[in-house]
Each structure stands twice: as C-alpha cells, then as structure tokens.
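Below is one structure, written out as structure tokens; comments come after it.
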Amino acid sequence: MSNQEPIQIFLEGRSDQKYITSIEGNYHSNKVKLFLDDPVKGKRQEDHRFTPYLFMKDLKDHKIQLYQNSSQRDEMIKKYKIKIEKLRTDGNLRLDSGFKYLVTSDISVNSLTQFFKGAGVDPWDRKDIFQLNSPQEQFLIQTGKRLFKGFENYKDIHKLYFDIETTGLSPYDSKIFLIGIKDNRGFQHVIEIDDTPESELEGIELFFRVIDQLKPSIVCGHNSENFDFHFIIERAKLLGSPLKYAKYPTSQGGPIRRKKSYLKMASDTEEYEQTIMYGYNVMDIAHAVRRAMAINSDIKSWGLKYITKFAEKNKKDRMYVEGSKIYEIYRDNKNYRIDRTTNDYTIIKDNEYVSPTEDTITGKEIINQYLLDDLWETEQVDEVYNQSSFLLASLIPTGFSRVSTMGTAVTWKLLMMAYSYEQRISIPNHDKKRNFVGGLTRVFKKGFGQRIFKLDYASLYPSIMIEHNTFPPCDIDHVMRRILIYFYDTRNKYKKLTKKYEKTDKESSTYYDVRQLPIKILNNGFFGSLSAPEVFPWADLDLGEEITCTGRLYIRLMIKYFENLGFTSIILDTDGVNMSAPKDVDKHHYIGLGINSLVEKNKHYYGVDAVVAEFNDIHMKGVMGLDVDDEWKASINMARKNYVNLTYKGKAKITGNTLKSKKLQTYLENFINKGVKLILNNKPKEFIEYYYQYVEKIFNRELPLSHMANKSKVKLTNREYIAREGKTNINGKPLPKMAHMELLKESGIEKSLGETIYYINTGKMISHSDVGNCSLVDIETNPNELGYYNAPRYLSIFNKRIKPLLCVFKSDVRDTILVKNPKDRQYYTSRQMELIMETEDTIEEVMFLSFEEITFWNKVGKDPNEIFDGFSIDDSLVKLDIHKNKEIINKLKEKFKSQGVEVKSFHDDYKEGDFVINHKFMNDKEIWNLSEVISGSLVEMEELKV
DNA sequence: CACTGTGGCCGTGGAC
DNA sequence: GTCCACGGCCAC
C-alpha cells in the first residue's frame with residue numbers, strides 16, 4: 001500500500017492549503033487571486049504568484065529559427081525574462097520528438113507568447129509545437145494546490161440558486177417580472193418587478209448586489225447559461241446598464257461578461273455562452289443533467305420538473321403553476337382558496353362568499369412560492385448531478401466550471417501534464433489517428449428465452465491493462481499504471497465500505513458510494529483517452545487495439561468454458577454474455593478459496609454463482625474475473641445490442657435503440673411498454689389482440705396528436721442549417737434536408753441547442769415524407785387534442801418498429817401478423833402462438849479471429865494464443881483455431897511451392913505484389929482465398945479448395 | 001484557447 | 001423497390 005502514497009499525494013495535491021473555492025488569474029501578469037471560504041475565518045482573498053510556463057518541441061525539427069541572430073535572441077530573452085529547461089526523455093523516441101523543453105518567463109503568460117510572436121511563431125496557433133495551460137491551471141499545477149480541499153461534502157460549499165420569470169422567451173420583446181434567489185445557508189428572497197423599465201433595471205441591479213453581499217462560491221440556475229443570464233444581460237443592455245456588476249468590493253475584478261465555451265456530453269460537443277463573474281464559479285445545473293443523460297439513456301429529458309421526479313427529489317407539496325399561466329396569475333390581482341397540505345388552489349370568483357375561516361392566497365403569493373419551490377428543487381438536482389464534478393475538481397488542476405464541462409480525455413491530459421511538470425518529463429509527440437478493431441458483439445439465439453443470466457467481466461478494459469501491462473512506453477515513470485492501480489484499489493475499498501454500512505449506517509454508506517463515482521469516471525475514460533491521439537498526447541493506438549483484441553479473446557474463452565458446462569450463449573456484447581443455464585445448474589456448489597479477489601474465502605456458493613466463483617478462483621488470474629451481473633425471468637432477444645429482459649419483480653428492461661430511444665414517438669413507446677410485458681409473461685394471444693386494437697386506433701386517428709408527434713432534437717442553429725444547404729456528401733450529392741429544421745427555418749423560430757421540437761406529418765400517403773408535409777405541434781397546451789395526421793404513414797412506421805419484436809413467433813406466423821388496415825386482421829390457434837427461440841450467429845463463427853484481428857496480432861508481432869500463458873485453464877479452451885489455420889496454410893503453401901509459386905499468409909510480413917492466402921467465415925462456411933497485395937491491400941483472386 | 005473509443009440499429013431523403 | 005450516405009441514438 002505504501003508505494004501508492006506518492007500517487008495519492010500527487011492526485012490530491014501536495015499543498016495543504018484548504019478551502020480554495022475559486023482562482024482568478026490573467027495573461028498579463030504573474031499574479032493570481034485565491035478566493036477562500038474558511039469555516040472559521042470566513043470568506044477572504046489571497047494574492048499569489050506563479051511562474052508562467054509552456055511546453056515546447058525542438059524548434060529545429062520544425063525549421064523555425066528564433067530571431068535572426070543570437071545577440072538579438074539574447075536581448076529578447078533578457079527583455080521577457082525567458083528561461084529554457086530541457087526535460088527528461090530517457091531515450092524514449094516519442095518523448096525525444098515531443099515537447100521536451102519547458103520555457104518560463106517571470107513576467108506573464110503574454111510575455112512568454114510575445115517572445116515567440118516576436119520571432120514569427122504564435123504559440124496559440126501552433127498547438128503542434130507548443131502545449132499551454134491557462135494561468136489558473138499553471139498556478140495549480142505549479143503549487144500542487146487543488147480546489148475544494150478541506151470540504152468534505154458538496155453541501156459545505158456556499159451555493160446560490162436563482163431563477164427568473166419573464167413575460168416571454170425573447171429578451172428583445174419581453175421582460176423580467178420576478179427574480180428568485182436562494183442560497184444553501186438559509187437566505188431566500190424574491191425580487192418583484194413592476195411594469196416600468198426603471199423597476200426592471202433596479203431589480204437586475206439588486207440581483208447582482210445580493211450576490212455581492214452573500215459572496216457565494218457558486219452561482220447557478222437551471223438552464224441559466226442559455227436562458228436566464230442571456231436574458232438578464234440583454235435586458236440590462238437594452239435598459240442602458242453598463243453591466244459592471246458582481247465585483248468583490250475590495251477586488252480589481254472586471255465586469256460580468258460572456259465567453260464562448262464548450263459543453264462535452266459523451267461524444268457530443270455543444271457550444272454555449274459561459275458567464276464570467278470575477279471570483280465566482282458560475283454553473284448551469286442543466287449541463288450536469290445533460291451530461292448524465294448522455295451516459296444514462298433512461299433519463300428522457302433534462303427539464304427541471306422531469307429530472308427532479310426522475311431523481312426522486314420532487315417536493316411533495318410543491319406549488320405548481322402551468323408555464324403559460326405564470327404571468328397571468330401573477331398580475332391578475334385575484335384571490336385563491338388554498339389547501340396548505342397539498343398547495344392545491346382554486347380561484348375565488350368575483351362576488352363569491354369566502355368565510356373568514358377559509359385559507360386564501362393571492363396570485364402573487366402563489367407565484368412567489370412557485371418560484372422558491374423551483375429553487376428548492378434546483379438545489380436538489382444540483383446535489384445529485386454535480387456531486388461527481390465537485391469531487392473531480394479536487395483532483396484535477398483546473399477550475400470548477402471547466403471540470404464540469406470538459407471530456408474525460410482532457411481530464412487525463414491535465415493529470416499527465418501536471419505529473420510531467422512536477423517531474424520535469426517531456427510530453428510525447430502524438431500518435432497517428434487510425435481506425436481499429438473494437439468490441440465483439442453477436443446474437444446467438446433470437447426469440448423468446450427464460451431464466452437468463454448475464455455474466456460479464458468486471459471492468460474488462462482497465463483489468464486487461466493492469467493484468468497484461470498494456471501501457472504506453474512513453475510513460476517512462478509508469479505513472480498511468482500506478483494511477484490506475486491506485487484507482488482500482490481505492491474504488492474497491494470504497495465499494496466494500498459502501499456495502500458494509502449499507503444497512504447499519506446509511507449516511508456513511510452514501511458517503512463512500514459518492515466517493516467511488518469520480519474514480520469510476522476516470523477509469524472508464526482511460527481506455528478512450530489512450531485511443532484518442534489528437535487530444536491525449538500519451539495515446540497509443542496499438543495499445544488501444546491490443547486491449548480490445550485481448551478483450552475479444554477473453555470473451556471467447558468464457559463462451560467456450562460455459563458452453564462446455566452446458567450453458568447456452570444468447571447475446572454477446574464486448575465484455576459479457578447473456579446465457580441460459582443448464583437445467584441442473586442449481587446442484588452446483590462451490591466453497592470459495594479466495595484466490596481471486598471477486599471470490600470470498602470459505603463462502604458457500606450455489607448454482608450459477610458457484611460456477612462463476614470456481615471459474616474466477618481456478619481459471620482466472622490477477623485482477624481478471626467474472627461477475628454475475630443479473631438474473632432475469634424471461635427475455636426477448638431481437639438483434640445485436642437489442643433485447644428486453646423481465647425482472648423477477650415484473651419490470652421489463654429494454655436494451656438497445658430498436659425499442660428504446662429519446663426520439664421514439666409516444667404512441668410507439670406506449671405500445672411497446674405494454675406489448676413487451678405481454679410477450680415476456682408468455683401471453684402471445686393477448687399481445688396479438690393488443691396489436692390489432694392499436695392498429696385500429698392509429699388507423700382511425702383516435703390517438704392524440706401529442707402522442708403521434710415526431711421528436712427531433714435541435715443540434716444546429718438556423719444559421720448553421722442554412723449554411724448546410726450548398727454542401728454535398730462524399731459522392732458529391734447534396735446533403736438531404738431535415739424536416740424539423742425546415743419548420744424552424746420557415747417559421748423563423750430559433751430554438752436553443754439541445755431542445756426537443758415536436759411535429760406531425762400531415763401528408764396523405766406512406767410516401768409523403770416529412771419534409772414539406774409536416775407542421776409543428778404544441779404538446780403542452782392541448783396534450784389530448786385529436787386531429788389529422790398521416791395515418792397510413794404512422795401505421796407503417798408502427799409496423800416497422802414492431803417487426804423486430806415478432807422474432808418470438810414461428811416464422812410462418814410472423815409474416816402474417818402485421819397489417820396495413822385493421823380489417824385484414826388475422827386469427828391464430830394456440831399452437832401457432834407458441835413462442836420460439838432460434839439460432840442466429842454461430843459459436844463456431846465467433847471462435848474465428850476476424851481478418852482484422854489476425855492482421856493486428858501479426859502487425860504487433862504477438863501470438864494471441866500466448867495471451868493466456870500462465871493461466872491454469874485447459875489448453876483446448878484457450879487455443880484458438882488459428883493453429884488449425886496454420887496447418888492448412890502450410891499445406892497450401894507447399895502445394896503452390898510445388899508449382900513454383902511463392903505464396904505467403906497474412907501471418908507473414910507481406911509486401912506489395914506478394915500473393916497471400918487468407919480466409920474468412922461466410923454463412924457458416926470457411927472460405928480460403930488467394931489474394932494479391934495491390935496498393936497495400938489484399939485483392940481476392942480465386943477461391944481455394946482445402 | 002472545443003474535441004475519449006468501436007459496434008450496431010433504425011429512420012430519412014434522395015437517386016436509380 | 002432497392003441501395004446509399006448520413007444523422008441520431010444507443011450499448012459497451
């Protein structure tokens with residue numbers, strides 16, 4: 001354990017300074033200001049200095065000469081107080097050709113860049129030669145300080161929540177009438193604004209004065225970057241305000257401003273305007289929710305009302321007002337009867353008698369309470385979804401708003417840059433981007449299954465990296481390996497503690513559970529970073545591919561092992577297989593040896609758990625091991641990555657985008673949710689009846705427009721969409737139109753990025769596609785409104801979606817179920833309605849290494865059959881068919897040799913013009929080909945008989 | 001002073 | 001009808 005201490009100190013920051021909540025630096029000096037919130041001494045600021053630096057490659061390699069002659073250079077070095085230090089490379093080629101000089105200036109980051117600009121190179125433009133951190137990051141890296149040190153919980157940070165109410169959506173034709181403010185230390189206030197411009201400006205100014213008084217560390221709202229701040233600032237400008245708000249009275253901080261910034265959500269990046277307030281972290285909670293949404297497909301919307309319910313944090317007695325009625329109720333000077341236990345209210349009509357004992361409330365009071373309840377919920381959502389960013393910020397040397405918007409590869413880059421700076425190691429030259437082999441995925445059995453187990457490798461990719469030592473050689477201190485092992489151990493420790501306190505001490509349990517979260521994020525992101533050379537300079541694609549190819553071997557090994565024991569593989573995806581167990585599986589009994597860390601010593605295991613524990617103890621090695629992820633009562637297996645499972649509690653869990661998507665129209669979703677349960681509970685006749693009833697409803701337009709509406713997410717601004725018009729695809733054809741963007745363009749409505757819009761196809765025939773045949777639908781005002789829609793087309797879309805579900809029926813029945821008109825409905829016998837399961841992909845095929853895999857192993861000069869050397873597992877399970885292949889290939893080679901032709905195999909090092917034997921698996925058959933190497937690739941010439 | 005990966009399914013618009 | 005490129009979303 002003790003050898004992990006330096007890593008822990010590095011990650012948590014070697015400086016002991018506590019309670020830093022934000023840092024302000026700049027490019028024109030070497031000064032930074034720290035903002036602290038000491039629980040005893042209170043809020044204060046500190047001035048600090050740092051030495052601006054950048055990492056630089058050897059300029060000679062880029063044919064760049066710094067200044068005309070050495071005397072001129074020396075003069076500039078003196079002027080800008082430049083120092084150049086050579087960093088460690090230990091003879092590693094990528095470090096030698098990387099950023100191996102550390103250049104510093106005692107003056108400022110600008111003087112550093114000025115020095116190079118004077119010589120004709122702008123470091124900001126030449127990311128290929130220079131690596132720079134922001135002043136804030138430079139300070140943190142240099143001093144070993146970290147944000148939020150000393151704060152045990154996110155709750156301990158002083159946070160201010162706000163929300164505004166406006167008369168409309170645009171600041172140019174509507175105005176603010178309420179601003180709600182609440183902090184997490186007992187303050188709350190609603191600023192009321194009347195109809196005059198003076199009052200509105202006063203309200204805005206008061207809002208900033210309140211912030212200035214309270215000095216919270218974090219200022220946040222829900223969707224505040226896109227909406228509230230934009231609105232407030234634009235209104236203030238229109239009303240003639242100079243916008244010099246939110247300064248610390250004693251500071252020299254500049255005015256509030258907005259800066260182009262990026263929000264990273266899994267593989268998506270979105271631009272937004274970030275609000276900058278000197279000394280504060282300005283956060284948008286919707287960002288945290290949207291990042292969670294990108295990873296968790298069960299979250300359907302990032303709206304405040306939805307997400308509070310999803311997180312089960314909704315206030316039970318909250319005041320609720322429909323969005324369109326807020327202004328009306330606020331302004332109409334009416335009184336309402338209210339039930340204080342539920343906060344339900346009804347309007348009191350003019351001349352209506354009200355007894356003095358009745359509880360009443362004014363419209364204004366309703367809206368004020370509504371606003372405060374919104375803020376209360378905002379705080380709850382913040383606590384749930386920003387927790388991991390808060391914890392990450394105490395490990396990663398950068399500001400809070402950046403931590404909560406950047407991607408995982410940048411996170412790892414900052415960690416590695418910090419380590420390289422501390423240890424004076426060069427930053428490697430980046431690897432070249434290329435495609436590579438990823439996870440293996442198959443569906444072996446299609447249709448209806450019962451009693452299904454999911455067996456998957458615990459953290460497959462990180463485990464492979466640790467067990468097979470796949471780390472880049474350019475990491476000369478092996479720090480990535482050490483960090484990963486530290487994370488692995490720490491996370492396991494937290495997981496064990498979470499479990500230990502689960503029943504006795506809920507608070508401690510949650511404390512540890514929350515702490516394993518940032519580690520999980522860093523762990524999961526590591527493999528992706530290692531394969532992202534354009535972002536992460538330490539990336540190594542051969543290693544990335546070795547990890548995935550090794551993963552493919554592990555999954556094959558597992559399939560062979562369990563099939564041998566009578567298990568049936570159903571669906572395979574990357575790191576796990578859904579299997580059905582043999583009938584006698586419950587007879588299995590195993591007493592844990594505890595050799596494998598996933599197995600408890602002396603614990604009695606039964607059934608599938610026993611089989612898996614034995615596999616782990618006896619046959620796995622080191623950190624590698626299988627988990628029994630779950631057990632299900634029944635399943636529908638439709639296609640690769642697409643299946644539905646029934647839990648023993650009766651819940652249907654849908655996996656894959658065939659039946660689960662945020663774009664799925666509500667009418668489809670409603671049918672699917674009920675329909676899959678009927679099939680899973682083995683009620684095929686009821687399913688068929690339900691299907692025909694639903695066809696009738698769609699056909700006769702009995703379903704509300706809000707349920708039929710297509711959902712599209714806005715990913716382009718109107719301007720970007722219009723700019724797309726002249727563009728073509730790789731074949732020179734124009735890019736197709738997008739129905740929802742056409743609607744926005746025509747109506748002149750500009751939606752924020754990330755918003756969902758709803759529209760309905762109003763054509764007459766199936767062939768009437770959406771473009772030119774659709775109109776926008778307001779799903780909120782009249783959710784139950786019926787109306788005209790393109791029934792044949794929606795029915796056809798419905799049938800297409802349902803089709804994959806029919807894989808549970810016999811093939812002759814399957815083809816007759818779907819109808820275009822309810823009068824064509826079919827009737828079936830019980831025998832016809834038996835649910836089935838049939839073979840799709842074969843085990844034999846999947847045991848073959850793909851051509852790409854063999855090419856890879858060949859390229860790196862490794863034998864995949866040696867991956868399991870040292871594992872105590874039966875050779876026949878481990879050794880793959882490539883040995884058999886080798887025998888056949890050798891025979892074929894000899895045959896050609898006897899005819900005087902030199903032939904190679906793809907195991908060999910082949911060149912342009914060589915003849916090569918290769919093989920593939922098609923329709924369950926092995927096919928052998930003779931190919932010629934033309935322009936670096938294999939061109940098939942003839943099929944060979946074996 | 002943007003940017004983790006591959007594999008897979010489905011819908012769409014447009015060309016033939 | 002069939003094919004294609006592309007976008008979107010999802011699984012891991």
Side-chain angles (χ1 to χ4, degrees), chain A residues 27 109 113 122-125 127 130-135 137 259-272 293-298 402 405-413 433 435-443 456-457 460-461 521-522 524-536 539 541 544-545 547-548 551-552 555 571-576 638-643 654-665 710-713 715-716 727-740 742 767 769-772 796-797 800-801 803-804 852:
Chain A
Y27 289 86
V109 177
T113 51
D122 184 349
W124 293 117
D125 292 341
K127 296 272 168 66
F130 298 93
Q131 287 279 347
L132 288 100
N133 294 109
S134 70
E137 288 163 2
K259 194 184 83 183
K260 190 174 89 172
S261 197
Y262 296 88
L263 174 66
K264 186 78 187 138
M265 292 162 294
S267 52
D268 256 8
T269 320
E270 194 179 285
E271 220 177 282
Y272 76 100
M293 200 171 156
I295 313 170
N296 182 356
S297 62
D298 289 337
R402 184 153 149 83
T405 52
M406 72 190 187
T408 49
V410 181
T411 313
W412 274 97
K413 181 179 172 179
K433 197 173 162 67
N435 294 339
F436 66 91
V437 177
L440 186 60
T441 168
R442 291 288 185 276
V443 50
D456 62 2
Y457 282 99
L460 181 67
Y461 289 170
I521 293 169
L522 284 161
N524 289 349
F526 188 52
F527 163 74
S529 308
L530 197 61
S531 314
E534 281 165 354
V535 183
F536 186 61
L541 270 74
E545 192 162 18
I547 292 158
T548 56
R552 283 173 168 238
I555 205 79
I571 270 196
L572 145 68
D573 196 350
T574 312
D575 67 348
M638 298 172 291
R640 293 177 185 185
K641 293 179 193 275
N642 281 285
Y643 52 92
I654 298 172
T655 301
N657 84 336
T658 297
L659 298 184
K660 183 171 112 183
S661 165
K662 289 181 179 71
K663 267 175 75 85
L664 209 61
Q665 289 107 307
N710 298 43
K711 303 173 187 178
S712 283
K713 210 167 167 186
K715 299 202 122 190
L716 299 169
K727 291 181 184 159
T728 56
N729 69 14
I730 54 167
N731 292 330
K733 288 169 185 165
L735 289 174
K737 291 175 178 173
M738 299 159 108
H740 66 292
E742 289 292 319
S767 62
S769 58
D770 294 343
V771 171
S796 148
I797 290 170
K800 241 187 258 173
R801 271 286 175 181
K803 207 176 173 194
E852 287 79 9

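Proteins get letters first, then strands, A, B, ... in listed order; numbering begins at 1 in each. Computed from a predicted structure; not experimentally measured.
- Remark: ring of A:Tyr262 does not overlap the six-membered base ring of B:dC3 in a stacked fashion, as centroids less than 5.5 Å apart with planes less than 30° apart are not both met.
- Backbone-only contact: A:Gly439 has heavy atoms under 4.0 Å from sugar-phosphate atoms and none from a base.
- Remark: A:Lys127 is not in phosphate contact with B:dC3, judged by side-chain N or O atoms under 4.0 Å from OP1 or OP2.
- The phosphate of C:dC9 has neither OP1 nor OP2 within less than 4.0 Å of any side-chain N or O from A:Ser297.
- OP1 and OP2 of C:dG7 both lie 4.0 Å or more from every side-chain N or O belonging to A:Lys713.
- Using a 4.0 Å heavy-atom distance criterion, A:Gly656 is classed as a sugar-phosphate-only contact.
- By the 4.5 Å heavy-atom criterion applied to side chains, A:Thr405 and A:Tyr262 are not counted as neighbours.
- One finds no side-chain N or O of A:Tyr461 lying less than 4.0 angstrom from the OP1 or OP2 phosphate oxygen of B:dT4.
- One interatomic measurement links the two molecules: CG of A:Asp573 to P of B:dC9, which rounds to 10 Å at whole-angstrom precision.
- With B:dT4, B:dG7, B:dG5 as the candidates, the nucleotide lying closest to the side chain of A:Phe436 is B:dG5.
- Applying the salt bridge (Lys or Arg N to Asp or Glu O under 4.0 Å) criterion to A:Lys264, with sequence neighbours excluded, gives no partner residue.
- When heavy atoms are screened at a 4.0 angstrom cut-off, A:Phe526 is found touching no nucleic acid atom at all.
- Taking the side chain of A:Thr269 as heavy atoms from C-beta on, and the options C:dA11, B:dC3, B:dT4, the nearest nucleotide is B:dC3.
- Contacts of A:Gly528 with the nucleic acid, taken as non-hydrogen atoms under 4.0 Å apart, include base atoms.
- Within the 4.5 Å cutoff, side-chain heavy atoms of A:Gln665 are placed close to those of A:Asn710.
- Take the nearest nucleotide of DNA chain B for A:Arg442 and for A:Ala532: the residue whose nucleotide is more 5' is A:Ala532.
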| When you check every protein heavy atom under 4.0 Å of nucleotides 10-16 of chain B, what one-letter string (B, S, -) results, 5' to 3'? | SSSSS--
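- Nearest nucleotide to the side chain of A:Asp575, out of C:dC12, C:dC9, B:dC1: C:dC12.
- Listed nucleotides B:dG5, B:dT4, B:dG7 differ in distance to A:Val437; the shortest reach to its side chain belongs to B:dG7.
- Within the 4.0 angstrom heavy-atom criterion, base atoms lie near A:Tyr27.
- A search for side chain to side chain contact (heavy atoms under 4.5 Å, CB included) contacts involving A:Asn435 returns nothing, not counting sequence neighbours.
- Contact annotation: A:Lys662 reaches the phosphate of C:dC10 (side-chain N/O to OP1 or OP2, under 4.0 Å).
- With both ends at atom C1', the span from C:dA11 to B:dT4 equals 16 Å, rounded to whole Å.
- Within 4.0 Å of A:Ala266, counting heavy atoms only, lies at least one base atom of the nucleic acid.
- In the set B:dG5, B:dC1, B:dC3, B:dG5 carries the atom at the smallest distance from any side-chain atom of A:Lys433.
- Within 4.0 Å of A:Lys259, counting heavy atoms only, lie sugar-phosphate atoms of the nucleic acid but no base atom.
- The shortest distance between side-chain heavy atoms of A:Ile547 and A:Leu530 falls below 4.5 Å.
- Look at A:Lys641 and you won't find any side-chain N or O under 4.0 angstrom from OP1 or OP2 of C:dC9.
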| Yes or no on side chain to side chain contact (heavy atoms under 4.5 Å, CB included) for A:Asn657 and A:Asn642, after CA distance, side-chain angles and deciding distance? | CA-CA 7 Å; A:Asn657 84 336; A:Asn642 281 285; 4.2 Å; yes
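- The shortest side-chain heavy-atom distance between A:Glu270 and A:Met265 falls under the 4.5 Å cut-off.
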